[in-house]
Peer 1: 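Got a structure for you, questions after.
Nothing fancy with the numbering, it's 1 onward along the sequence.
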Amino acid sequence: MKQICKNLAVMLTLLAAIFSPLLVLAQTGGADITVDINKTDNGAWYNQPWVWIVGTAVFILLLVALLRNDRSAE
């Protein structure tokens, strides 16, 4: 029984060694992909520069409002 298992393992290893290059070659499909980085569409809203400017201005105004000293209470 040990000899049969050993022969079976050798045969399976041999088959795996024979067919593994076929699996690797099957994955080289050669897909034709074109990437255009000069799109006129800016895409999402966060790619617009005015959004970042307005967001920064609002953030600074919030910081000033929260961190200023309330001098009228003195």
Peer 1: Search all heavy atoms of Ala17 against all heavy atoms of Pro21 and return the closest pair with its distance.
Peer 2: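 Closest approach of Ala17 to Pro21: O-CD, 3.3 Å.
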
Peer 1: Under the side chain to side chain contact (heavy atoms under 4.5 Å, CB included) rule, collect the residues that match up with Val58, sequence neighbours excluded.
Peer 2: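 Val58 satisfies side chain to side chain contact (heavy atoms under 4.5 Å, CB included) with Val54, Leu62 only.
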
Peer 1: By the rule that ILVMFWY residues connect when side-chain heavy atoms come within less than 4.5 angstrom, directly or transitively, which residues belong alongside Leu8?
Peer 2: Leu12

Peer 1: Tell me, please, which residues at least two apart from Phe59 pass side chain to side chain contact (heavy atoms under 4.5 Å, CB included).
Peer 2: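 Side chain to side chain contact (heavy atoms under 4.5 Å, CB included) list for Phe59, sorted by chain: Leu63.
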
Peer 1: For Leu66, what residues pass the side chain to side chain contact (heavy atoms under 4.5 Å, CB included) criterion, not counting sequence neighbours?
Peer 2: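 Per chain and number, Leu66 pairs via side chain to side chain contact (heavy atoms under 4.5 Å, CB included) with no residue.
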
Peer 1: Could you tell me which non-hydrogen atom of Tyr46 sits nearest to which non-hydrogen atom of Trp52, and how far apart they are?
Peer 2: O-NE1, 2.6 Å

Peer 1: So how far is it from Thr56 OG1 to Leu61 CG, rounded to the nearest 0.5 Å?
Peer 2: 11.0 Å

